[in-house]
Asker: 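Dropping a structure here in structure tokens format, bear with me for questions.
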Amino acid sequence: MKKFARIIALVMAVALMATLFASCKKEDNVLKMGTNAAFPPYEYYEGDKIVGIDAEIGALIAKKLDMELEIVDMDFNGIIAAVQNGSIDMGMAGMTKDPDREKSVNFSTSYATGVQVVIVKEGSAIKSIDDLKGKKIGVQEATTGDSYATSDFGEEAVKRYVNGAAAVQDLQNGSIDAVIIDNEPAKAFVAANEGLTILETEYTVEEYAIAVSKDDPELLEKINKAIAELKEEGKIDEIINKYIPAE
Ligand code: ARG
């Protein structure tokens, strides 16, 4: 009888270990962040490495979650769907928290602010938002710049590009008249290209946040907690100030 009990205990111990081992393996420790790494200073390539504000904040969030960050580069247009179908755990791409997207995904608390601005050629006749009427406007596809431009100036006015750099290139060679894009990438593109300038008038102010599947409220909660802690520790400001030195 004693021997029988010992065997049972042994079998149970082995079964327990097997279960623990299996659950460890299943719960892979990688936090997959989907982004579009053509958006300096939030995400861009330095050699073959993706760096920037989002890459660094993402890494700190993963660390707080005891996970390892894996950054997946994709078209901006595909990020929301990738969050929805679970091929990435979070979308972090200088992405604006916006009511339309909130129908498809949940957003974390905001970690940064963005402003939509207008880039034109130096000496352009376009001096204000109103002057954009009847002009050809370049945007990155599926961005808020795209939706503002489309709703304010009409489908025919808008030319969509896979990234901001391609739009800026077309602005430079004269095939479009303006580009609507977030202010920090705008500054980076203007700095990297001759003869461009940003209009003084700001188009809209937005909040950047992380997109998480509606099926994973637990992850959202953990991310929000991590963001709150990082804010409190001054880490978010530190990273933003590193990439965006105060003028
Ligand atoms: N803030 C804008 C939006 O959410 C543009 C973001 C583009 N981000 C990028 N990584 N290309 O629509």
Side-chain angles (χ1 to χ4, degrees), residues 32-46 49-59 61 69-84 87-119 129 137-153 158-171 178-190 192 198 202-212 227 236 239-240 243-244:
K32 271 197 186 176
M33 161 181 156
T35 198
N36 170 249
F39 200 67
Y42 297 94
E43 44 266 336
Y44 58 101
Y45 280 91
E46 221 168 69
K49 198 169 173 260
I50 296 172
V51 298
I53 294 170
D54 289 344
E56 290 205 23
I57 296 176
I61 290 173
L69 186 73
E70 181 189 330
I71 302 181
V72 186
D73 190 15
M74 55 180 73
D75 281 353
F76 185 76
N77 196 14
I79 295 177
I80 298 272
V83 168
Q84 283 182 293
S87 58
I88 55 173
D89 301 307
M90 63 178 191
M92 188 173 190
M95 188 182 279
T96 304
K97 187 176 191 149
D98 119 298
D100 230 24
R101 292 173 181 158
E102 274 175 324
K103 291 178 198 151
S104 314
V105 292
N106 283 334
F107 277 103
S108 71
T109 47
S110 159
Y111 62 90
T113 312
V115 183
Q116 295 296 311
V117 297
V118 183
I119 311 176
I129 305 286
I137 305 162
V139 296
Q140 181 177 21
E141 186 176 18
T143 59
T144 47
D146 181 356
S147 54
Y148 297 136
T150 307
S151 70
D152 289 355
F153 301 101
V158 177
K159 189 154 182 216
R160 302 190 172 87
Y161 297 85
V162 70
N163 58 48
V168 167
Q169 208 173 358
D170 256 10
L171 173 61
V179 171
I180 297 179
I181 193 164
D182 305 47
N183 58 333
E184 291 306 327
K187 282 194 224 161
F189 292 138
V190 166
I198 300 171
E202 297 179 345
Y203 205 0
T204 40
V205 180
E206 312 181 320
E207 296 290 328
Y208 291 167
I210 300 173
V212 179
I227 292 175
I236 302 231
I239 292 169
I240 292 176
Y243 284 91
I244 309 175

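Both ligands and their constituent atoms are indexed starting at 1 by order of listing. Starting from 1, each residue takes its place in the sequence as its number.
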Asker: By number and element, which atoms of ligand 1 are closer than 4.0 Å to a non-hydrogen atom of Asp182?
Answerer: 1 (N), 2 (C), 5 (C)
Asker: Any nitrogen or oxygen of Thr35, main chain or side chain, under 3.5 Å from a nitrogen or oxygen of ligand 1?
Answerer: no
Asker: For Tyr208 together with Tyr42, are the ring centres under 6.0 Å from each other?
Answerer: yes
Asker: Asp73 side chain to Ala37 main-chain N or O, any donor-acceptor pair under 3.5 Å?
Answerer: yes
Asker: At a non-hydrogen distance cut-off of under 4.0 Å, which region of Arg101 contacts ligand 1 (side chain, backbone, both, or neither)?
Answerer: side chain
Asker: Please confirm whether Gln140 comes within less than 3.5 Å of ligand 1 when only nitrogen or oxygen atoms on both sides are compared.
Answerer: yes
Asker: Is the closest side-chain donor-acceptor distance between Arg101 and Thr144 under 3.5 Å?
Answerer: no
Asker: Could you tell me whether the side chain of Glu207 reaches within less than 4.5 Å of the side chain of Thr113, counting heavy atoms only?
Answerer: yes
Asker: Have a look at Asp73, Thr144, Thr96, Asp75 and point out the one with the heavy atom closest to atom 12 (O) of ligand 1.
Answerer: Thr144
Asker: Strictly by modelled atom types, are Glu56 and Tyr243 linked by a side-chain donor-acceptor pair under 3.5 Å?
Answerer: yes
Asker: Enumerate the atoms of ligand 1 whose separation from the nearest heavy atom of Glu206 is less than 4.0 angstrom.
Answerer: 1 (N)
Asker: Ligand 1 and Gly145, any nitrogen or oxygen pair closer than 3.5 angstrom?
Answerer: no
Asker: Students should be able to answer this: which protein heavy-atom is nearest to atom 8 (N) of ligand 1, and at what distance?
Answerer: Ala93 O, 2.7 Å
Asker: Report the residue from Asp54, Ile53, Ile244 that forms a side chain to side chain contact (heavy atoms under 4.5 Å, CB included) with Ile239.
Answerer: Ile53
Asker: Return the set of residues passing ring pair (Phe, Tyr, Trp, His ring centres under 6.0 Å) with Tyr203 (not counting sequence neighbours), or none when no residue passes.
Answerer: Tyr148
Asker: List the closest protein heavy-atom neighbour of atom 6 (C) of ligand 1: residue, atom name, distance to the nearest 0.1 Å.
Answerer: Gly94 O, 3.3 Å
Asker: For ligand 1, which atoms, with element, lie under 4.0 Å from some heavy atom of Tyr208?
Answerer: 1 (N)
